[in-house]
J.: 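Supplied in structure tokens, the structure appears directly below.
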Amino acid sequence: MPELPEVEVVRRGLERWVAHRTVAEVEVLHPRSVRRHLAGGDDFAHRLKGQRIGTPSRRGKYLWIPVDTTGTAILAHLGMSGQLLVQPHQSPDEKHLRIRVRFDDALATELRFVDQRTFGGLSLHETAPDGLPDVIAHIARDPFDPLFDDEAFHQALRRKRTTIKRALLDQSLISGVGNIYADEALWRSRIHYERPTAGFTRPRTAELLGHIRDVMNAALAVGGTSFDSLYVNVNGESGYFDRSLDAYGREGEPCRRCTTPLRRRPWMNRSSYFCPSCQRAPRVSS
DNA sequence: ATTCAGTCCTGAAAGC
DNA sequence: TGCTTTCAGGACTGAA
């Protein structure tokens, strides 16, 4: 489940292996993987052919590669199971290969978008003067963006009538945080996922942001998180951070702070993992 | 305006 | 054994 650290690992791989190459041909093998490209797969392939691509950027879980001189960029989202692989031409096609990009050079490698569940995809979009693809203008800066505004984030939390985990997953407030790192950062902060944001104090917001940055930095340091081999980075290597998780996926296992068994609660069609002792539920709900 | 449930998808694992 | 059900969940859509 790629979140910010995993996407950043992919971005770095793309920067190393495909930046500044010229596209020879694009093959779209599944229409759903280009569904955000409204003109369709043929148009996507045609527009990229012969174009030189630039250095990849990232905001939250989105990454994009500018297409030189066109004012557009290839936007990528990995969804749940997407991978961007750089593979030798002769490497056999992956079972869930959705898009292939061949290059006009002698490196003998191609870029492949592989995605079992097809929640992710590639598309081409116009870019704003700052380079941001227009369709992700609503995505907030992520906590590693130098222009992320901690104070503005705090004030936004205070204004909302929602609970903290919903807010963390709201990509228009803060981007890059998904279910896993939300649970991890809340555990580190000893905050229950249903705590209302309206009552957050400035120190509490600051501590939470600090833990979000810490846990994501730790994941980045080991190359991302992997649970079931669905996530592989651009060089085909899995991350190992899952062994370091303190909350996510640890139902019934002892809290590493207080030994209380962790709990799992169904939450918004997914799960929340927490320590019932360290992370006390707010007094009343609704 | 804001919040929130429903929807998409595949395959592993659990249930019967 | 083999079929059916459940679960994983990011982000968009449209309803309340």
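Every chain is numbered from 1, with letters handed out A, B, ... down the list of sequences.
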J.: From CG of A:Asp183 over to P of C:dG10, roughly how many Å is that when rounded to an integer?
T.: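 Going from A:Asp183 (CG) to C:dG10 (P), I get 10 Å.
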J.: For A:Arg159, which contact category applies under a 4.0 Å heavy-atom criterion: base, sugar-phosphate, or nothing?
T.: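 Touches nothing.
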J.: Charged N to carboxylate O below 4.0 Å: is that the case for A:Asp246 and A:Arg256?
T.: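 Between A:Arg256 and A:Asp246 there is a salt bridge, with a charged N closer than 4.0 Å to a carboxylate O.
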J.: So what does A:His138 hit on the nucleic acid, given a heavy-atom distance under 4.0 Å: a base, only sugar-phosphate, or nothing?
T.: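 Sugar-phosphate, no base atom in range.
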J.: On DNA chain B, nearest-nucleotide positions of A:Thr163 versus A:Arg98: which is more 5'?
T.: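 By nearest-heavy-atom nucleotide position, the 5'-most residue is A:Thr163.
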J.: Less than 4.0 angstrom between a side-chain N/O of A:Ser271 and OP1 or OP2 of C:dA8, yes or no?
T.: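 A:Ser271 to C:dA8 OP1/OP2: side-chain N or O found under 4.0 Å.
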J.: Rounded to the Å, how far apart are A:Asp115 CG and C:dG10 P?
T.: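 Nearest whole value for this atom pair: 14 Å.
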J.: Quick one: how far along DNA chain B does chain A reach, first to last nucleotide 5' to 3', anything under 4.0 Å to a heavy atom?
T.: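 Both ends considered, the range comes out as B:dT3 to B:dG11.
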J.: Does C:dA11 have its OP1 or OP2 closer than 4.0 Å to a side-chain nitrogen or oxygen of A:His77?
T.: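 Looking at the OP1 and OP2 atoms of C:dA11, one of them is under 4.0 Å from a side-chain N or O of A:His77.
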J.: Under 4.0 Å between a Lys/Arg side-chain N and an Asp/Glu carboxylate O for A:Arg188 and A:Glu207?
T.: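 Result for this pair is no, no salt bridge flagged.
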J.: Can you tell whether the side chains of A:Asp183 and A:Lys165 come within less than 4.0 Å, N to carboxylate O?
T.: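 Salt bridge present between A:Asp183 and A:Lys165.
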J.: Applying the salt bridge (Lys or Arg N to Asp or Glu O under 4.0 Å) test to A:Glu8, which of A:Arg59, A:Lys61, A:Arg58 qualifies?
T.: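 That would be A:Arg58; it is the only one of A:Arg59, A:Lys61, A:Arg58 passing the salt bridge (Lys or Arg N to Asp or Glu O under 4.0 Å) with A:Glu8.
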J.: Without swapping roles, check the side chain of A:Arg257 against the backbone of A:Trp187 for a donor-acceptor pair under 3.5 Å.
T.: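 Confirmed, A:Arg257 side chain pairs with A:Trp187 backbone.
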J.: At their closest point, which heavy atom of A:Ala185 faces which heavy atom of A:Ile212, and how far apart are they?
T.: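 Reported closest heavy-atom pair: CB-CG1, 3.5 Å.
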J.: What is the distance from NE2 of A:His125 to P of C:dC12, rounded to the nearest Å?
T.: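 Taking atom P of C:dC12 as the reference, NE2 of A:His125 is at 10 Å.
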J.: Need one value for A:Asn179: base, sugar-phosphate or nothing, where a base atom within 4.0 Å counts as base even if backbone is also close, heavy atoms only.
T.: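 Sugar-phosphate contact only - A:Asn179 comes under 4.0 Å of backbone atoms but never of a base.
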J.: Please report, rounded to the nearest Å, how far the P atom of C:dC7 is from the CD atom of A:Gln116.
T.: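 After rounding, the reported distance stands at 18 Å.
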J.: Please report the distance, rounded to the nearest Å, between CE in A:Met80 and P in C:dG10.
T.: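 Distance check: A:Met80 CE to C:dG10 P gives 6 Å.
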J.: Can you confirm whether the side chains of A:Thr109 and A:Arg21 place a donor and an acceptor under 3.5 Å from each other?
T.: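 Judged by distance alone, the side chains do pair up.
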J.: Tell me which one of A:Leu78, A:Leu84, A:Asp142 satisfies side chain to side chain contact (heavy atoms under 4.5 Å, CB included) with A:Val7.
T.: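 That would be A:Leu78.
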J.: By the 4.0 Å heavy-atom rule, please label A:Arg264 as base, sugar-phosphate, or nothing.
T.: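 Sugar-phosphate contact only.
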J.: Verify the contact: side-chain N or O of A:Arg36 to OP1 or OP2 of C:dC12, cut-off strictly under 4.0 Å; return yes or no.
T.: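 For A:Arg36, the contact criterion (side-chain N or O under 4.0 Å from OP1 or OP2 of C:dC12) is met.
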J.: Look at the side-chain N and O atoms of A:Tyr62 and state whether any lies under 4.0 Å from the OP1 or OP2 oxygen of C:dC12.
T.: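 Looking at the OP1 and OP2 atoms of C:dC12, one of them is under 4.0 Å from a side-chain N or O of A:Tyr62.
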J.: In whole angstrom, what separates A:Met268's CE from C:dA8's P?
T.: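 Interatomic distance, CE of A:Met268 to P of C:dA8: 14 Å.
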J.: Tell me: CZ of A:Arg32 to C1' of C:dA11, nearest whole Å?
T.: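 So the CZ-C1' distance, A:Arg32 to C:dA11, works out to 11 Å.
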J.: 5'-most contact on DNA chain B: A:Thr162 or A:Asn269, nearest heavy atom basis?
T.: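 Closer to the 5' end of DNA chain B: A:Thr162.
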J.: Can you tell me how far C1' of C:dA11 sits from CZ of A:Arg270, to the nearest Å?
T.: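 Result: 9 Å.
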